[in-house]
Amino acid sequence: MKNLKVAKILNEIADLLELKDVEFKPRAYRKAAISVKSLSKDIEEVKEEGKLKELPGIGENIAKKIEELINTGSLKYYEDLKKEFPIDFESLLAVEGLGPKTIKILYKKLSIKNLDDLERAAKKHKIRELGGLGKKTEEKILANIKFARKKKERNLLGYIIPISENLRNELKKSKFVDKVEITGSIRRKKETIRDIDLLVITKKPEKIMDFFTNYDGVIRVVTKGKSKSTVKLKEDIQSDLRVIERKSFGAALMYFTGSKEFNVEMRSVAIKKGLKLNEYGLFKDGKQKVGKTEEEIFQRLGMTYIEPELRENGGEIEAALEGKIPKLIGYNELKGDLQMHSKWSDGSHTIEEMAKAAKGLGHDYIAITDHTDTLRIAKGMDEKTIRKQMKEIEEVDERIEGLTVLKGVEVNIDSEGKLDIKDKVLKNLDVVVASIHSGFRQGKEKLTKRIISAMDNENVDIIAHPTGRKIQERAGYDLDFEKVFEKSIETNTFLEINSYPNRLDLNDINVKRALEFGCKLVINTDSHSIEHLRYLNLGIATARRGWATKDNIINALPIKKLLKLLS
DNA sequence: GCCGTTTTCGGCCCGACTGTTTTCAGTCG
């Protein structure tokens, strides 16, 4: 059973316990769920090793439940809870304004089990007749049902960043804004984003709230208060804005950046030190000690600074208390990009256009890696075409000063693990990227074999988008990661962090896992046009979320050292 | 149900906004 599946069931147990008004246990189950989700190993392996109880938030009881779940494929405790409340809790919770308490009342009094029941009851005005719920609540429920019905999609980080930056720039136009910062999961660079969180310093909160809620891109005002407002933007994304005084800016920035679990844990750390942490600062006996910057809060708590990308309560707080947070790779530390396409296959720009754009971004080197033979859909090149293209790459390389253009290909790994271009051609190229483009359903063993057999080819330098996942489209194929990691080290073949917004593959969790194993990685954009080159930052963000330092990433190396490594 | 630089028992993050139960509970982040 997969980690995500186990985590999901633990979370559902927490939901159901909340329905039952059980205190504290829901939090324990949620904590355990996060622990499983952020695990860099296979949960089944941890179970085999008998080390479930060593995971944070997992004790005697939850460990037993996870064991039962893995061994039998089901869990009696969970099934019994579900029988007690045979309702579609997940969809009902998705209705804005409905929480466990209200859902329970609706079920007990009106037998509402799902969105259809809810809609019928609201239309017949049954809800306003209940004690405690009125006309407004009923109207709000009715209005929000259609939003809950829509598949609640999170949005890709790469597409949300420009929207959030626009919004920030709009706010900057107000003369009442002293400072504005994008916070929330965007600042943590999570791969998908639900809403855009903004923090503003101002002396005139009311003016800012008016400005924000009246902004052109707003289609609906959800809530509006003195210090906090929520709106829906025309892109169908929610945006929260919070205003704060300067003396509390750091505390608010930390609070609003999250994650929620990180905040909870940080506040516990404060309590243990006799302090209180909230969005206004760090307090002792009711007096603010610090709060203007995040740095001083971490320092006062005896911790080193934790970069936003790490703030998931996945071990970073403990590490910071011990001063063991690594220095993450910086956003300006990559020297080049080793996977991109041109018009020679399915790219939109010429080699020269790609090279000039890359130089404009400050790269020292790039590799042109067009598709090969069998990938007809992408105009894959045969061996003769590759030789012709090599000449053009050499010419561009000479023409453009200050940028090295490397000769490469992205070869296809076939269903048996063989490559579609002969070794005698591959050995003349600077960079050989190999990847799987079909046969995703072959199963773990076969797919692992295919990748490993490609890695065994001495000409192959990089395995691109190693798990083939596409965010919100398809899960990555299941690989035996330990074998792949071992082979990566043995053969000096580097796994890619693909920066394309819907790939980010390897993902943050697998990056961490690979690094713990001792692998080195490469961050590439897989650009198919010059506009894609800027996505490199998304790959770097993913690396940082996986705790990567500069030393872990081969394209942070200068060209000479890189070529030596690839030779 | 978990956990320990107060603790193996007794705690478990904190505040803003909304609607409605005129003093607060529920929801959200």
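Predicted model only: the values in this text are computed from it and were never measured. Order of the sequence lines sets the chain letters (A, B, ...), proteins ahead of strands, with each chain counted from 1.
Here dC17(B) is the nucleotide among dA16(B), dC17(B), dG19(B) with the atom lying nearest to any side-chain atom of T223(A). Closest contact between the side chain of T137(A) and the listed nucleotides dC2(B), dG19(B), dA16(B) involves dG19(B). Closest approach to the K65(A) side chain among dG29(B), dG1(B), dT18(B) is made by dG1(B) (side chain taken as heavy atoms from C-beta onward). Checking dC14(B), dG1(B), dC17(B) against every side-chain atom of N278(A), the shortest atom distance belongs to dC14(B). You'll find that the side chain of N61(A) is closest to dG1(B), out of dG15(B), dG1(B), dG19(B). Considering only the side chain of K101(A), dT27(B) comes nearest among dG1(B), dT27(B), dG29(B).
Remark: K47(A) NZ is packed, more than 12 non-hydrogen atoms of other residues, nucleotides or ligands lying under 6.0 Å away.
Using a 4.0 Å heavy-atom distance criterion, K224(A) is classed as a sugar-phosphate-only contact. K53(A) comes within 4.0 angstrom of nothing in the nucleic acid, heavy atoms only. Among the heavy atoms of the strands, none lies under 4.0 Å from K104(A). Backbone-only engagement by T102(A) is indicated by non-hydrogen atom pairs under 4.0 Å involving sugar-phosphate atoms exclusively. As judged by a 4.0 angstrom heavy-atom cut-off over every strand, E23(A) is placed among residues making no nucleic acid contact. E265(A) comes within contact range of no nucleotide atom at all, as no heavy-atom separation falls under 4.0 Å. In this structure, P26(A) reaches neither bases nor backbone, as no heavy-atom distance under 4.0 Å exists between it and the strands shown. Across all strands, Q238(A) comes closer than 4.0 Å only to sugar-phosphate atoms, never to a base (heavy-atom distances).
For Y280(A) against dG15(B), no side-chain N or O and base N or O form a donor-acceptor pair under 3.5 Å.
Taking 4.5 Å as the limit, every side-chain heavy atom of E138(A) sits out of range of all side-chain heavy atoms of K126(A).
Using a 4.0 Å cut-off, some side-chain N or O of K25(A) falls inside it from OP1 or OP2 of dG1(B). Distances shown here put a side-chain N or O of S227(A) below 4.0 Å from the OP1 or OP2 atom of dC17(B). Close to dG15(B), at under 4.0 Å from its OP1 or OP2, lies a side-chain N or O of K276(A).
In this structure, R534(A) is not positioned above the aromatic face of Y331(A) in the sense of NZ or CZ being under 6.0 Å from the six-membered ring centre and within 45° of the axis. Relative to the ring axis of Y78(A), K65(A) does not place its NZ or CZ within 45° and under 6.0 Å from the centre.
Rounded to whole Å, the distance from CG on L241(A) to C1' on dC28(B) is 16 Å. The NZ-P distance, from K135(A) to dT21(B), rounds to 14 Å in whole Å.
Remark: ring of F24(A) does not overlap the six-membered base ring of dC2(B) in a stacked fashion, as centroids less than 5.5 Å apart with planes less than 30° apart are not both met.
Exactly one of D505(A), N507(A), L156(A) qualifies for a side chain to side chain contact (heavy atoms under 4.5 Å, CB included) with I471(A). That residue is L156(A).
Note: F176(A) and F211(A) fail the aromatic proximity criterion, with ring centroids not under 6.0 Å apart.
Rounded to whole Å, the separation between the C1' atoms of dT21(B) and dC14(B) comes to 24 Å. Comparing the C1' positions of dG19(B) and dT23(B) gives a spacing of 13 Å, expressed to the nearest Å. On the P atoms, dC28(B) is 22 Å away from dT22(B), given to the nearest whole Å. Distance check on atom C1': dC3(B) versus dT8(B) gives 9 Å, rounded to whole Å. For dG11(B) and dT6(B), the P atoms lie 15 Å apart once the distance is rounded to whole Å. Atom name P, nucleotides dT20(B) and dT27(B): the rounded distance is 13 Å, in whole Å.
When each of D240(A) and V264(A) is assigned the nucleotide of DNA chain B bearing its nearest heavy atom, the one mapping closer to the 5' terminus is V264(A). For the pair K31(A) and E279(A), nearest-nucleotide mapping onto DNA chain B gives the more 5' position to K31(A).
Across all strands shown, dT8(B) forms no Watson-Crick or G-U wobble pair with both key distances under 3.5 Å.
Between F517(A) and F485(A), the ring planes are tilted. Angles from 30° to 60° get that label.
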